Structure formats: C-alpha cells, structure tokens
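This one's a predicted model, so the numbers in the text were calculated from it and none came from an experiment. Both backbone and side-chain heavy atoms feed into the values below; hydrogens, waters and symmetry mates do not.
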Amino acid sequence: MIKVFIVDDEEWTRLSLREQVNWPSLGMEIIGEAKNGSAAMEAIKSEQPQIVISDIRMPVMDGISLMEFLHREYPSVIIIVISGYSEFEYARKALSFNAFEYLLKPIEEDKLEATLRRAASKLQEEKNNREQLLKLQIKLNESGVLAREKFLTSVIAGQDIGTKGIRRGLDRYGLYFEWPSMVVWVLKAENFDEIAAGYYKNDGDLASFALYNVANEQIGHERNSLVFRNYSKLDELIVITGFHPDESEEILESITVKCHSVLELVKKWLRFELYAGMGGEFIDFNEASASYQQAIQAIHSAAFLPHRRVIRIDEIRDQNDHYSFPADKEKRLLLSLENGHRQQAFDLIDELIRSIGSSRSFHPQSVKQTMMELKVSMNKLLKMHNGFLDRLLPESHLFHKMNEEMLTISKLEEGLKEAASCIIAYLSNVKKSGTKKTMDEIVNYVNEHYNEEMNLNTVAEQFYLNPAYLSRIFKQETGTNFSDYLSKVRIEAAARLLEYGNLKVSDISEMVGYESANYFMKKFKENFGCTPTEYRKKLETEK
C-alpha cells in the first residue's frame with residue numbers, strides 16, 4: 001500500500017480528505033495526520049510516507065517550510081499542495097520545491113482522485129525503473145563490466161601499470177580503441193549524495209549506474225567514444241573520445257554540444273545536476289591521467305562561473321590569478337557578525353560571491369584557500385567567546401568538506417551564509433547569558449558598596465566596560481538607569497538607619513555615600529515625600 005500523510009491545521013479539511021476518497025481502491029492508506037509542518041516533520045521521519053498532502057497556510061510551520069524540508073531530506077516524496085489561496089506567489093514557491101500538484105480549496109473529489117492516480121503511477125514507474133536498473137546492473141556485473149571500469153579507472157588515475165600493462169588490459173576487455181588523438185571529458189554530479197539518498201535509498205552504486213545508463217545511451221553507441229564510471233568516485237562519469245588531428249576542432253565542438261544534451265536529459269530524468277569538463281588532447285593512454293586532471297580542473301572552474309556547466313581546459317588556461325578577500329571587507333564582515341548585523345553580513349557575502357563569479361581568471365584552489373583563511377578568522381572571533389566553528393556547523397557543511405567536494409558558487413554562498421547565521425546566533429546567546437551574569441554581579445556590587453564613592457564611570461571601570469554600554473545594558477536589564485538605581489539603594493539604606501535615633505542626619509548622609517547633606521535631604525524627600533527628620537518622627541509615632 002502507498003503511504004499517505006495529511007497536513008492541515010483545519011480538522012474538517014483533514015476529515016474531508018479522509019472521507020472524500022476510497023483510499024484502499026487506489027492502493028493507498030492514510031498513515032498519519034498533523035496540524036502543522038513542525039509536527040509533520042517528526043512524524044514523517046518515523047512513518048516514511050510516499051505522498052504528503054499539505055496545506056500552505058498553517059501556524060508554527062507553514063507548508064512552504066515543510067516542502068523545503070521534504071525537498072532537501074526526502075526528495076522522492078510526492079507533495080500535493082492544497083490551499084484556499086490562489087495567489088501566484090504560493091503556487092510559484094510550491095513549484096520551486098517540485099510540488100506534484102497544486103489544488104485549491106474547496107477540493108473537488110474528481111480532481112483529487114485523478115491527482116492521486118497520477119501520483120500512484122509515478123511512484124510505480126520509479127519503482128519499475130529501479131528494478132530494471134538493478135537487473136541490468138547485475139547483468140553487467142556478471143559480464144565483467146566492473147572489472148573493466150576498475151582497469152580504466154586505474155588508467156585515468158595515473159597508476160603505474162606501464163604501456164604493456166595498459167595494452168594487456170585493453171586487449172583483455174576488448175577495448176580496440178586506436179585513434180591518433182584522444183581527449184578525456186568528465187561528467188560530475190554536484191548533488192549526487194542528495195539524489196542517491198532521496199531516490200535510490202542511499203544506494204550510491206545504483207544511483208551512479210542510473211547516471212551511467214542515461215549517458216551511455218546518448219554517447220556510448222558512437223564508435224569513437226568510450227564511456228565508463230569512475231570506480232573510486234560514484235559521482236563521476238568519464239568519457240574518452242578519439243579523433244584525427246585534422247578534425248580536432250570539429251570533434252571538440254561536437255562534444256560540447258553533446259555534453260549540454262546529456263546534462264539536460266540527466267536533469268530531466270534523474271534530477272542530477274551535472275558539470276562537464278574537458279581535458280587536453282593526448283596521443284598515448286599513458287597520458288590519459290593528465291587529460292583527466294585537466295577535465296576536473298575545468299569542472300572546478302566552471303563551478304565558479306554563473307550559468308556555465310560545460311567548459312574546456314583551453315578556455316581557462318590563463319586562469320592563474322589568485323583570489324584573496326580584501327582585509328578591510330573581512331574586518332567589516334567580522335564586525336557585522338560580532339554585532340549581530342545579519343543583513344550587513346549577508347550583503348558583504350553577496351559582494352564576495354559577485355567578485356568571484358564575475359572573473360574567469362581566479363584559480364579555484366586560491367578561492368578555497370581564501371575560504372579556509374576566512375574560517376580561521378571566524379574561529380578567532382568565536383574563541384573570544386569560548387566558541388568553535390566546527391562545533392556549531394553540521395557535518396555536511398562546506399567548511400568540513402572543503403577538500404572533498406566540488407566547490408560551486410551556489411554552495412559557497414549557501415555555506416558562508418549558514419556559517420554567518422550560526423555565528424550570529426551563538427554570539428547573541430552568549431552575550432545574553434553573559435550580560436545577565438555581568439549585570440547580576442554589578443547589581444550585587446552596587447548593593448554592597450553603595451556607601452563608597454561611586455558613579456557610572458567608576459563601576460564601568462571596575463568591570464572593564466564602556467560607560468555608554470554599561471548605561472544601556474543596565475537600563476535594559478533593570479528597567480531603570482544607573483544613577484536612579486544607586487540613589488534608590490542609598491535612600492532605602494538611609495531610611496533603615498533613621499530607625500536608630502542616636503544617629504545624626506548628616507552622619508547618615510555620609511554613611512550612605514552622600515558628600516552633601518543638603519543633596520541627601522533633597523533626594524530623600526523625592527523618594528519618601530518628607531524630610532529625614534519628618535520620617536524619623538513618623539517612625540517614633542508608629543512605635
């Protein structure tokens with residue numbers, strides 16, 4: 001049975017959906033309901049539904065946020081959006097997260113049932129595709145394709161197997177590839193892990209085979225091209241294309257066109273986002289590894305160029321400029337983070353991203369180096385508050401995998417903004433708790449030392465604070481300004497001392513910290529509505 005989960009804050013809508021459709025006749029069952037996206041997230045993690053029917057407008061967490069979560073964590077889940085609002089913006093956002101259908105309330109039974117039937121067909125089609133891929137994968141394994149891939153991967157990896165070893169391998173696997181010139185090009189999926197997790201049940205081998213299957217259908221039949229998976233990197237496909245030197249430019253242009261075609265088909269059918277890079281020409285298989293490395297370099301460079309997903313090494317041979325984030329802008333970014341100015345920090349990150357994306361001459365490695373230097377600076381900022389960036393960021397964050405994954409311009413922007421948000425949140429919490437602790441200490445200090453010479457500046461100096469900052473946070477935490485609080489503490493202490501009839505008013509004034517008895521009497525009357533002498537008489541009368 002296909003598992004369906006319903007999310008809507010209106011009980012009557014959930015009831016209507018349950019009763020409106022004969023679920024068993026569609027091969028479906030409702031396995032859970034939730035009133036908002038937050039509650040749905042927890043249930044979805046445990047119940048693992050295949051279809052989620054969700055409203056848009058809900059309290060706590062709306063449908064758009066839930067869809068974003070599903071799109072990121074469970075991309076294979078079919079999302080059917082229902083809403084009483086027909087505004088284009090909601091539909092646009094729903095579609096951006098691959099909503100299967102957008103239905104308006106009141107929901108028509110026929111439309112809902114037709115949508116569910118189409119969703120069931122899609123799920124069955126995806127299941128059939130996975131089963132066919134598994135069967136084909138088994139056949140290929142039995143026919144020795146894996147061994148062939150392992151051999152070819154060793155060639156492009158530059159393993160020292162020698163000319164004779166390469167020749168024996170080519171003969172063993174029937175690879176009669178005799179061309180005077182060759183070139184390696186690589187197809188690399190930037191979202192491989194996400195798609196493998198969502199659509200292939202975390203089966204990386206099956207996901208890579210699906211990618212290979214589509215690309216091979218488009219390229220493998222050509223007599224001058226050899227397609228295989230990178231045995232050690234499941235997110236890569238490798239193509240070796242042969243040609244005669246006199247048709248070099250024509251062939252390379254043809255490859256570029258073919259790359260674009262494969263990228264579009266793979267994205268449409270498998271949802272993989274591919275980059276394609278082409279290395280330099282070589283004439284001997286011993287030189288294939290150099291062409292492969294150039295293809296990877298081209299891909300990494302393409303990842304920094306907006307709207308470029310196919311690139312040849314000869315397009316970036318002059319790419320030798322080193323990028324470094326200007327010191328003044330780095331300082332401004334760190335100040336923005338420290339002061340909690342999120343938008344200002346994001347604006348500086350946007351500026352950084354634009355400067356990288358607008359130039360084709362920045363070397364990818366220098367950009368990575370700049371990011372690591374920026375990480376060091378962020379850690380120095382956090383260290384001042386007992387924080388450490390690696391502990392704040394999730395394991396999947398860019399900074400943890402800088403040398404493992406392809407660094408794209410979008411990942412760079414996303415990673416920097418995520419880091420900025422984490423730092424701002426951490427510092428905000430630390431400052432709140434730290435401010436409260438400091439204020440408690442300051443208030444206790446005033447309560448115990450009110451009789452000494454004291455003012456805002458002396459207390460600020462005692463606690464190593466800026467007087468203006470102390471004035472602001474004191475008012476914020478206590479609800480009154482510093483001088484008024486000090487005066488209140490002193491006058492209340494004076495009132496207690498007035499109970500002792502043997503103490504002169506001038507002595508009491510000095511004992512609570514006032515140098516001028518006249519000023520003391522003025523402040524006392526402001527607080528109690530009478531002079532110290534009148535207050536003492538009132539106390540004696542009450543006795």
Sequence neighbours left out, what pairs pass salt bridge (charged side-chain N to carboxylate O under 4.0 Å, His left out) with at least one residue falling in residues 32-43?
R14-E33, R18-E33, E42-K45
Ignoring hydrogens and angles, tell me if any N or O in the side chain of [X] forms a donor-acceptor pair with the backbone of [Y] under 3.5 Å.
X	Y	value
N224	F243	no
Q50	K3	yes
T153	Y231	yes
S291	A288	no
S254	E250	no
R309	L263	no
T13	D9	no
K411	E190	yes
Q294	G280	yes
D203	D205	yes

Salt-bridge criterion met for [X] and [Y] (N-O under 4.0 Å):
X	Y	answer
K233	D235	no
R271	E194	no
K268	E264	no
R229	E236	no
R118	E101	yes
K329	E351	yes

Enter the distance from [X]:[atom1] to [Y]:[atom2] here, rounded to the nearest 0.5 Å.
X	Y	atom1	atom2	value
L337	L427	CG	CG	7.5 Å
I161	S154	CD1	OG	4.0 Å
I349	E414	CD1	CD	12.0 Å
I64	F69	CD1	CZ	15.5 Å
L374	M371	CG	CE	6.0 Å
L392	L382	CG	CG	6.0 Å

Between [X] and [Y], is any pair of side-chain heavy atoms under 4.5 Å apart?
X	Y	value
D8	I82	yes
D55	S83	yes
I156	N230	yes
M278	I313	no
I296	H300	yes
F100	I79	no
K375	K380	no
I299	W185	no

Taking atom types as modelled, is there a side-chain donor on [X] or [Y] under 3.5 Å from an acceptor on the other?
X	Y	result
S225	T241	yes
S377	E330	yes
S248	E281	yes

For [X] versus [Y], what's the shortest heavy-atom pair and its separation?
X	Y	answer
S421	F346	OG-CZ, 3.5 Å
L187	A215	CD1-CB, 4.3 Å
I51	A119	CD1-CB, 3.9 Å
G277	A298	CA-CB, 4.1 Å
V239	V227	CG2-CG2, 4.2 Å
P49	V4	CB-C, 4.5 Å

Greater than 12 external heavy atoms within 6.0 Å of [X]'s [atom1]:
X	atom1	result
I283	CD1	no
E247	CD	yes
D284	CG	yes

Begin with the C-alpha distance, continue with both residues' side-chain angles, and end with the deciding distance and a verdict on side-chain contact (heavy atoms from CB on, under 4.5 Å) for I238 and L152.
CA-CA 9 Å; I238 299 166; L152 290 169; over 6 Å; no
Assess whether side-chain contact (heavy atoms from CB on, under 4.5 Å) is satisfied between F474 and M439, documenting all intermediate values.
CA-CA 7 Å; F474 195 96; M439 285 310 305; 3.1 Å; yes
What orientation do F272 and F192 show, parallel under 30°, tilted 30 to 60°, or perpendicular over 60°?
parallel
Check whether NZ of the Lys or CZ of the Arg K188 lies under 6.0 Å from the centre of the six-membered ring of Y275 and within 45 degrees of that ring's axis.
no
Does the ring centre of Y212 sit less than 6.0 Å away from the ring centre of F228?
no
Before giving the answer on side-chain contact (heavy atoms from CB on, under 4.5 Å), spell out for E413 and D350 the whole-Å C-alpha distance, their side-chain angles and the decisive distance to 0.1 Å.
CA-CA 7 Å; E413 179 180 3; D350 288 338; 3.4 Å; yes
Would you please test N36 and V7 for side-chain contact (heavy atoms from CB on, under 4.5 Å) and show each step?
CA-CA 6 Å; N36 58 64; V7 192; 5.7 Å; no
